[in-house]
Amino acid sequence: MAEKGGDEESLLANFAVPSRASSSYTIEPGRETLAGSRSSSSESLGSRRESTNSLFSRRPSDWGSRYGIGTAFVQLDDAGIYLSSLSITILLSTLGTIGIILFALVVTFAILLGHCQKSLPGPGVTVPDPCASFALNGELNNLQGWIVPSECQDFVAHYVDSGQYSLDFSRAVDAGRQYLKPIVNEADGLDMIVLDIDDTCISHVPYYRDHHFGAELFNLTSWQFWVMKASAPPLEPMLSLYTELRALNWSLALITGRSENQRDLTEQNLLAAGYEGWAALILRSEENEGVPAVEYKTKERLKLEEKGFRIWSGFGDQWSDLTGSASGSRTFKLPNPMYYIY
């Protein structure tokens, strides 16, 4: 029995039972260690608790980055993107604010667009042009002593070069033609039509094209240089009417504001343009220099009547050609958007 007892002790010695003090245990040599001490177990538990708030709380990761401040952060790792609850709140608030701002901008833009559409003319509606209003009131003689405003130079240029000026001029001449057509003049040759010369019989558009279409102060020196050329072209509608009236035995008087010392140049220009056979060509004498145009021309028409002429009508591009006594039973104002003389 003693040997048996000894064998049992030997067996227990070979099978090392872990003691409570060390709380460690092992398997036979050559096998893996299954567990460690209580201290390592406690450390493992703390590590797990720490991992709950770590950068890689969802699962182990090989890499990761964290951006933010305090509890507001965004975490990027190989598992994806993780946002803290505070970050999500901030993000949603920001998106909401941006949405409100965008909505306000859209509403504001829609209101402004509506106002613009109301202020813009509809299809086929022309925007009022102050230069067109200026030109109209100039032609109606509501404006006096005017020169073309600098901002209206392009308007006048377009009016002249587009052909509208020529059309308006032609219509005015044709209106005079229709008025005179049924009149039967006497055989004595004393039935008279009075005409201006400059921009009534001959055109100075080439001169004014080089001088801003009248959008500058009148320059006497440059004007006299132009007159000396005696190259002003005819205004064809008036030349046509002039020729017709001569054939119908009308007497034609030409009264101009040019000075008497320009008579030869004036005759030269008129003849070159196709005008001939006038009954009178009247220029300013020295005694009439400085006299207003309307006064000067009225006085010269009265002289013609004193000679026995019967003045039926008058044509001119200025109201001063047509205003005053002895102007006829009907006058015809021709368009001139470039200058005003009174």
Side-chain angles (χ1 to χ4, degrees), residues 138-139 141 144-148 156 159-160 165-166 168-170 172-173 176 193-242 252-276 278 280-285 288-301 313-324 327 331-342:
E139 288 294 347
N141 205 31
Q144 297 183 351
W146 54 263
I147 64 171
V148 176
V156 176
Y159 174 70
V160 172
Y165 165 69
S166 297
D168 292 346
F169 190 96
S170 180
V173 170
I193 308 298
V194 178
L195 300 94
D196 175 50
I197 293 179
D198 296 313
D199 289 301
T200 296
C201 293
I202 55 178
S203 174
H204 298 303
V205 167
Y207 170 82
Y208 280 95
R209 181 175 283 109
D210 292 336
H211 292 270
H212 307 288
F213 287 94
E216 64 177 32
L217 293 175
F218 178 72
N219 187 307
L220 181 60
T221 301
S222 63
W223 168 253
Q224 289 178 337
F225 182 76
W226 164 255
V227 170
M228 289 175 61
K229 291 182 177 181
S231 60
L235 284 157
E236 294 295 343
M238 182 55 72
L239 178 59
S240 176
L241 177 62
Y242 183 95
L252 301 167
L254 305 177
I255 305 178
T256 177
R258 297 186 181 197
S259 298
E260 182 64 38
N261 60 17
Q262 295 176 323
R263 177 174 292 274
D264 292 343
L265 289 170
T266 301
E267 290 184 352
Q268 179 184 341
N269 200 157
L270 287 169
L271 292 171
Y275 295 91
E276 58 184 4
W278 48 79
L281 175 59
I282 302 171
L283 294 84
R284 277 182 185 267
S285 62
N288 284 321
E289 292 292 342
V291 176
V294 64
E295 182 180 336
Y296 151 66
K297 292 195 173 186
T298 296
K299 183 167 61 174
E300 295 301 327
R301 289 194 302 267
S313 183
F315 291 79
D317 67 300
Q318 301 293 319
W319 284 103
S320 56
D321 301 330
L322 312 171
T323 307
S327 58
T331 58
F332 296 88
K333 171 66 170 67
L334 306 171
N336 186 340
M338 299 171 291
Y339 61 88
Y340 178 93
I341 297 175
Y342 200 80

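All values reported here derive from a predicted model rather than from experimental measurement. Nothing fancy with the numbering, it's 1 onward along the sequence.
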Check whether any side-chain heavy atom of F218 lies under 4.5 Å from a side-chain heavy atom of H211, and answer yes or no.
no
Please report the shortest heavy-atom distance between I202 and A273, naming the atom on each side.
CG2-CB, 3.9 Å
Aromatic ring proximity, centroids under 6.0 angstrom, F332 and F315:
yes
Taking C-beta and beyond as the side chain, do Y342 and V294 meet within less than 4.5 Å on heavy atoms?
yes
All N/O donor-acceptor pairs, side-chain side in residues 220-235, below 3.5 Å, sequence neighbours left out:
residue	atom	partner	partner atom	Å
S222	OG	Y207	OH	2.8
S222	OG	N219	O	3.1
W226	NE1	H204	ND1	2.8

Is any side-chain heavy atom of D199 less than 4.5 Å from a side-chain heavy atom of L334?
no
May I ask you to decide if G324's main-chain N or O and S327's side chain share a donor-acceptor pair within less than 3.5 Å?
yes
Closest heavy-atom contact between D198 and Y339?
O-OH, 3.8 Å
Pairwise distance CG(L252) to CH2(W278) - rounded to 0.5 angstrom:
11.0 Å
Could you give me the CA-CA distance, side-chain angles and deciding distance for R284 and V291, then say whether side-chain contact (heavy atoms from CB on, under 4.5 Å) is met?
CA-CA 9 Å; R284 277 182 185 267; V291 176; 4.1 Å; yes
Using a 3.5 Å distance criterion without hydrogens, assess whether the side chain of E276 forms a donor-acceptor pair with backbone atoms of L271.
no
Donor-acceptor pair, E295 side chain versus N288 backbone, under 3.5 Å?
no
Report all side-chain donor-acceptor pairs from residues 259-266 shorter than 3.5 Å, counting only partners two or more places apart or in another chain.
residue	atom	partner	partner atom	Å
S259	OG	E289	OE2	2.9
E260	OE1	R263	NH2	3.2
E260	OE2	R263	NE	2.5
E260	OE2	R263	NH2	3.3
R263	NH1	L281	O	3.1
R263	NH2	L281	O	3.1
T266	OG1	R258	NH1	3.1
T266	OG1	Q262	O	2.7

Do M238 and L195 come within less than 4.5 Å of each other through their side chains, counting heavy atoms only?
yes
State whether the side chain of S320 and the backbone N or O of A293 hold a donor-acceptor pair below 3.5 Å, judged by distance alone.
no
Test item: K297 and I282 side chains (from C-beta on) under 4.5 Å apart, heavy atoms
no
Hey, could you give me the OG/CD distance between S203 and E236, rounded to the nearest 0.5 Å?
10.5 Å
Set of side chain to side chain contact (heavy atoms under 4.5 Å, CB included) partners for E139, sequence neighbours left out
K333, P335
Side chain to side chain donor-acceptor pair (under 3.5 Å) partners of D168, counting only residues at least two apart
Y159, Q164
Here the pair of heavy atoms bringing Y165 nearest to V160 is CB-CA, 3.8 Å
Contacts of T323 meeting side chain to side chain donor-acceptor pair (under 3.5 Å) (sequence neighbours excluded), chain-then-number -> none
Is N269 close to Y275 at the side-chain level, that is, under 4.5 Å between some pair of heavy atoms?
no
Side chains of Y208 and N336: do they bring a donor and an acceptor to under 3.5 Å?
no
Minimal heavy-atom distance between Y340 and W146, with the atoms involved, is CD1-NE1, 3.2 Å
Tell me, do I197 and L270 make a side-chain contact under 4.5 Å, heavy atoms counted?
yes
Please examine the side chains of L239 and C201, heavy atoms only from C-beta on, and report whether any two atoms are closer than 4.5 Å.
no
My understanding is that only residues two or more places apart in sequence, or in another chain, count here; which of them pass side chain to side chain donor-acceptor pair (under 3.5 Å) with T200?
D196, D317
Rounding to 0.5 Å, atoms NZ (K299) and CD1 (I255) come to a distance of 12.0 Å
